[in-house]
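What follows is a single structure, written as structure tokens, with notes after it.
Everything numeric in this text was worked out from a predicted model, so none of it was measured. Along the sequence shown, the residues carry numbers beginning at 1. Whatever order the structure lists them in is the order used to number ligands and atoms, beginning at 1.
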Amino acid sequence: MIDLHTHTTASDGTDSPFTLVKKALATGVKTLGITDHDSTAGWSEAISAMQPQIELVLGAEISCLTDDGISVHMLGLLFDGENFGMQEMLAQSRDTRLPRMRKMVALLQADGFDITLDDVYQAAPDQATIGRPHLADALVNKKIVASRDEAFSELLHNESKYYVTHAAPTPIEAIKTIKSAGGVAVIAHPFASRRGQILTADTFQELVTAGLDGIEVHHRDQNDSERSVLTSIARELHLAITGSSDYHGTGKLNALAENTTDPTEWEALESRANARRVVKL
Ligand code: AMP
Ligand code: ZN
Ligand code: FE
Ligand code: FE
């Protein structure tokens, strides 16, 4: 099984990279993508947990904003982890998440919620890319809400008065940076409408012009009709089709390998990287 999109404690997942690789082995995943938000901090620990039965596709999920303010997630896979432009883009994104979190906490405090920035840091593992899930965990620790899910549905969703965006590259900038670093770019859950406004079908062409390689079609946040529209777009634009779990440990319901990528699609996608970077023992 091929699962190309998962998270660890290097961002907002709850399993360490080591544990994730062990769980993937136990689940029968043969090709595992590790795609923490705006970070490659989990890569080396993941490699240390490898066995001959599993290969790793190292990557990152890059938070992007279109010029119209639409949030887009771009998976960069198989890029050179030492590429300066790539690491600079990831670092900028992580840096702007701190003032953003400070603003969200201040908005909550102004409405009387007993929460501090320190509470959020305490809820986040060392090295983690700080995000709303850590704020959610802090709100759970303070017994303000019962779960991450409740925190999102009540207080932290994209339309909430407490939501603040952080500076982020545009999807086109992210694609270009991923491609300059030799990797492949796959747009993550583009029609996941529950999260807010989504791209329209006609914007995919300009992403392809920038170098887009694939579309994540099979994802729990996209229903059958959305998947079918995305499949047609991918076929028409000669893009690879992926499926993945977007596993976050206990942070979300998503089970490892609940959606997977067809081996033929994976082969086509992998061949578009500028070097063979799948990590095998
Ligand atoms: P951020 O990058 O800080 O804006 O936070 C976005 C993250 O929140 C994404 O990784 C999502 O997976 C996560 N997320 C969104 N909705 C929920 C939810 N209802 N429960 C748990 N995590 C969520
Ligand atoms: Zn996440
Ligand atoms: Fe995402
Ligand atoms: Fe994700």
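Between Phe18 and Trp43, a ring centre-to-centre spacing not shorter than 6.0 Å is recorded.
For Asp15 and Lys23, the salt-bridge test passes: some basic side-chain N is under 4.0 Å from an acidic carboxylate O. Salt-bridge annotation for Arg94 and Asp38: absent, with no side-chain N of the basic residue lying under 4.0 Å from a carboxylate O of the acidic one. Using a 4.0 Å cut-off between charged side-chain N and carboxylate O, Glu270 and Arg276 make a salt bridge.
In plain terms, the two heavy atoms of Asn254 and Asp246 that are nearest each other are ND2-O, 3.3 Å. When all heavy atoms of Arg227 and Asn259 are compared, the pair lying nearest together is NH1-OD1, 3.4 Å.
The proximity of His248 to ligand 1, defined as any non-hydrogen pair under 4.0 Å, is limited to the side chain. At a heavy-atom distance under 4.0 Å, no atom of His157 approaches ligand 1. For Ile130, no heavy-atom contact with ligand 1 is shorter than 4.0 Å.
At least one heavy atom of Arg97 sits less than 4.0 Å from an atom of ligand 1. Ligand 1 is never approached by Ser63 to a heavy-atom distance shorter than 4.0 Å. Using a 4.0 Å cutoff on heavy atoms, Arg100 counts as a contact of ligand 1.
Interface of Gly251 with ligand 1, defined as ligand atoms under 4.0 Å from a residue heavy atom, comprises 21 (C). For ligand 1, the atoms lying closer than 4.0 Å to a non-hydrogen atom of Asp12 are 7 (C), 9 (C), 10 (O). Interface atoms of ligand 1 facing Gly131, defined by a heavy-atom separation under 4.0 Å, are 3 (O). Interface of Pro133 with ligand 1, defined as ligand atoms under 4.0 Å from a residue heavy atom, comprises 5 (O), 7 (C), 8 (O), 13 (C).
Side-chain atoms of Leu135 and Met104, non-hydrogen and from C-beta on, do get closer than 4.5 Å to each other. Counting only heavy atoms from C-beta outward, the side chains of Asp111 and Tyr162 approach each other to under 4.5 Å.
Centred on the Fe ion (ligand 3), the angle running from His73 (ND1) to His189 (NE2) is recorded as 100°, rounding to 10°.
Of the polar atoms of His37, at least one N or O is found under 3.5 Å from an N or O of ligand 1, judged by distance alone. Considering backbone and side-chain atoms together, Arg132 places an N or O closer than 3.5 Å to an N or O of ligand 1. Looking at ligand 1, you won't find any N or O of Tyr163 less than 3.5 Å from one of its N or O atoms.
In this structure, His219 and His5 have tilted ring planes: the angle between them lies in the 30° to 60° band. Ring pair Phe204/Phe191 is perpendicular by interplanar angle, where above 60° counts as perpendicular and below 30° as parallel.
Checking side-chain atoms of Ser39 against main-chain N and O of Thr129 turns up no donor-acceptor pair under 3.5 Å.
Side-chain contact, His73 with Glu216: no donor N or O sits under 3.5 Å from an acceptor N or O. Side chains of Thr40 and Gln87: a donor on one and an acceptor on the other come within 3.5 Å.
Closer than 2.8 Å to the Zn ion (ligand 2) sit the protein N, O or S atoms Asp12 OD1, Asp12 OD2, His37 NE2, His248 NE2.
At least one N, O or S atom of Glu61, from either the backbone or the side chain, sits less than 2.8 Å from the Fe ion (ligand 3).
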